Amino acid sequence: MQHAFRVGQQYRDTGSYRNPDDQFLRWVRGPLDSGIKNTGGIRDLGADRSETPAALVLVSNDSGISQHDDPWEDTLAVNAGYISYWGDAKADNPYDESAQNQKIKAAFDNAAAGRREDVPPFFVFRKPESGVVEFCGLCVPDHLEVRAYRSEDGTQVPNYQFHFSVLNTNTVPVTWLHERAQQNDDSAAPDVWQQWVQTGEVAQWPTGEPLDQSGRVRRYETSEITVSDAFRADTLERYGHECTLTGIREEELLDLAHILPRSQHPDLAEHPENVLVLNSLHHRAFDAALFTIDSDYHIRTSPSFEPAHPFLCETILDRDGDQLSFPPDAQVQPSFLEELNTGLSWL
């Protein structure tokens, strides 16, 4: 059976690769003579033909899972395509002397120097409960920094904080790990990994948006012009407090998506027919021009839009050509949509 890790899926972690029910250590080891250890958050998979690890597996424990006191809190913003992970550091184990930290730092140094072929893939998992791991994604280095916390005795303890981008692939075959370990072979690697190694371009989960050279997602809407709370409340009321595309009703997830950018049309920032309500993920895809709405209110998707996230496929790609319907009190000005879409070369 060909095993694969899928973003958001949970796998049984028995703590032993010998256990036939294990879906973590056993899968990673596979046909190899050795796999990854069952200790610590930073685990490296050795390579037969290189001193560089074939892969680095990072495990982030949810609060209360670890048997040891851990002052470092990782940020696993998977749906935003971003992860920050604290290295290994204690008062009696300096961060810059940690062997595991040095393996991660070497990968970041190679990435920064353009030696991406010498960077191992990062597999990030969270541990929501004992005996279970959840796959957060295939990651590549973004940047690192050194930060500190104050221990109970007042000592400042510095540590690395490693920042990663999550690549836009929902599934990662485990056989790729084995082929990397045995032959340094990337032929089974996801396309987004091979693209990053060859060009340095990051196609970020979950939309596939590329990152610019500063490491930020290229955005269509970059204005800092804000709208009033009253306008936001009125717009949400007119749209029935739900996303136009998906019906999501959790208000903390809902955004006002402007048709014509506020940066170019500040006079239309609070025009009631220049906004629609989208959830934050679809707003991000709309601002990046990965899809649009034509003047007849049909969904149109960019040919380059290849999201790995099933929800985006179901709600955007699979609905290409569908006509949107708006609540009775909500309306989008067709001329605004026409003006927006004249700048899209793919439409």
Side-chain angles (χ1 to χ4, degrees), residues 28 36-37 39-60 72-78 80-90 93-125 136-149 156-169 172 176-177 179-186 189-205 210-217:
V28 172
I36 58 174
K37 296 180 180 179
T39 57
I42 305 170
R43 313 179 189 189
D44 57 292
L45 179 66
D48 292 346
R49 303 186 181 187
S50 174
E51 293 298 319
T52 301
L56 284 165
V57 177
L58 308 181
V59 180
S60 177
W72 312 111
E73 184 174 345
D74 302 320
T75 300
L76 306 178
V78 178
Y82 167 82
I83 285 172
S84 68
Y85 188 90
W86 288 100
D88 182 20
K90 298 180 180 65
N93 180 33
Y95 76 102
D96 53 355
E97 296 180 13
S98 163
Q100 296 304 86
N101 277 359
Q102 291 306 313
K103 291 172 184 177
I104 302 180
K105 185 175 183 297
F108 274 71
D109 289 344
N110 283 328
R115 297 187 296 270
R116 292 179 297 277
E117 68 279 1
D118 294 327
V119 177
F122 286 83
F123 286 64
V124 179
F125 293 83
C136 295
L138 172 63
C139 300
V140 294
D142 187 289
H143 68 283
L144 64 83
E145 55 187 319
V146 177
R147 301 182 66 181
Y149 83 99
Q156 289 282 344
V157 181
N159 195 1
Y160 287 119
Q161 187 177 31
F162 299 103
H163 301 274
F164 297 91
S165 294
V166 184
L167 293 180
N168 187 43
T169 180
V172 183
W176 173 39
L177 287 175
E179 292 171 1
R180 278 188 60 87
Q182 293 174 323
Q183 303 174 10
N184 196 27
D185 183 359
D186 273 344
D191 291 343
V192 286
W193 169 263
Q194 299 188 42
Q195 172 183 300
W196 178 77
V197 172
Q198 294 166 10
T199 69
E201 183 173 284
V202 174
Q204 190 179 43
W205 173 271
L211 299 184
D212 62 22
Q213 293 182 348
S214 69
R216 297 178 178 178
V217 175

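All of these numbers come straight from a predicted model, not from anything done at the bench. Quick note: residue numbers are just sequence positions, from 1. Below, all heavy atoms of this structure are taken into account, side chains as well, without hydrogens, waters or symmetry copies.
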*What pairs with Tyr85 under ring pair (Phe, Tyr, Trp, His ring centres under 6.0 Å), at least two apart in sequence or on another chain?*
none
*Taking only residues two or more places apart in sequence, or in another chain, which ones meet Asn110 in a side-chain hydrogen bond (donor to acceptor under 3.5 Å, both in side chains)?*
Arg115
*Under the side-chain contact (heavy atoms from CB on, under 4.5 Å) rule, what do Leu177 and Phe123 come out as? Steps first, then yes or no, please.*
CA-CA 10 Å; Leu177 287 175; Phe123 286 64; 3.5 Å; yes
*Are any of the side-chain heavy atoms of Leu138 and Pro190 separated by less than 4.5 Å?*
yes
_With sequence neighbours excluded, residues passing side-chain hydrogen bond (donor to acceptor under 3.5 Å, both in side chains) with Tyr82_ = His163
*side-chain hydrogen bond (donor to acceptor under 3.5 Å, both in side chains) partners of Lys103, counting only residues at least two apart*: Asp44, Gln100
Throw together a table of side-chain donor-acceptor distances under 3.5 angstrom for residues 45-58, partners on residues two or more places apart or in other chains.
{"unit_1": "Ser50", "atom_1": "OG", "unit_2": "Thr52", "atom_2": "N", "d": "2.9"}

*Contacts of type salt bridge (Lys or Arg N to Asp or Glu O under 4.0 Å), residue Asp185, not counting sequence neighbours*: none
*Just jot down the side-chain contact (heavy atoms from CB on, under 4.5 Å) partners of Ala112, sequence neighbours excluded, or say none.*
none
*Which residues share a ring pair (Phe, Tyr, Trp, His ring centres under 6.0 Å) with Phe108, sequence neighbours left out*: Phe162, Phe164
*Pairing residues for Trp196 by the ring pair (Phe, Tyr, Trp, His ring centres under 6.0 Å) criterion, not counting sequence neighbours*: Trp193
*Identify the two heavy atoms, one from Gln156 and one from Ala148, that lie closest to each other, and give their separation to 0.1 Å.*
OE1-CB, 3.5 Å
*Given Trp205, which of Val78, Leu167, Val192 fulfils the side chain to side chain contact (heavy atoms under 4.5 Å, CB included) condition?*
Val78
*Sequence neighbours left out, what passes side-chain contact (heavy atoms from CB on, under 4.5 Å) with Thr199? Give chain and number order.*
Gln195, Glu201
*Take Arg147 and Tyr95, measure what side-chain contact (heavy atoms from CB on, under 4.5 Å) needs, and give me the verdict at the end.*
CA-CA 10 Å; Arg147 301 182 66 181; Tyr95 76 102; over 6 Å; no
_Tyr160 side chain reached by Ser98 side chain, heavy atoms, under 4.5 Å_ = no
*Could you pull out all residues at least two apart from Asp96 that satisfy side-chain hydrogen bond (donor to acceptor under 3.5 Å, both in side chains)?*
none
_For Gln204 against Ser165, the heavy-atom pair lying closest together_ = NE2-OG, 4.3 Å
_Distance, nearest 0.5 Å, that separates CD of Glu145 from OG of Ser84_ = 8.5 Å
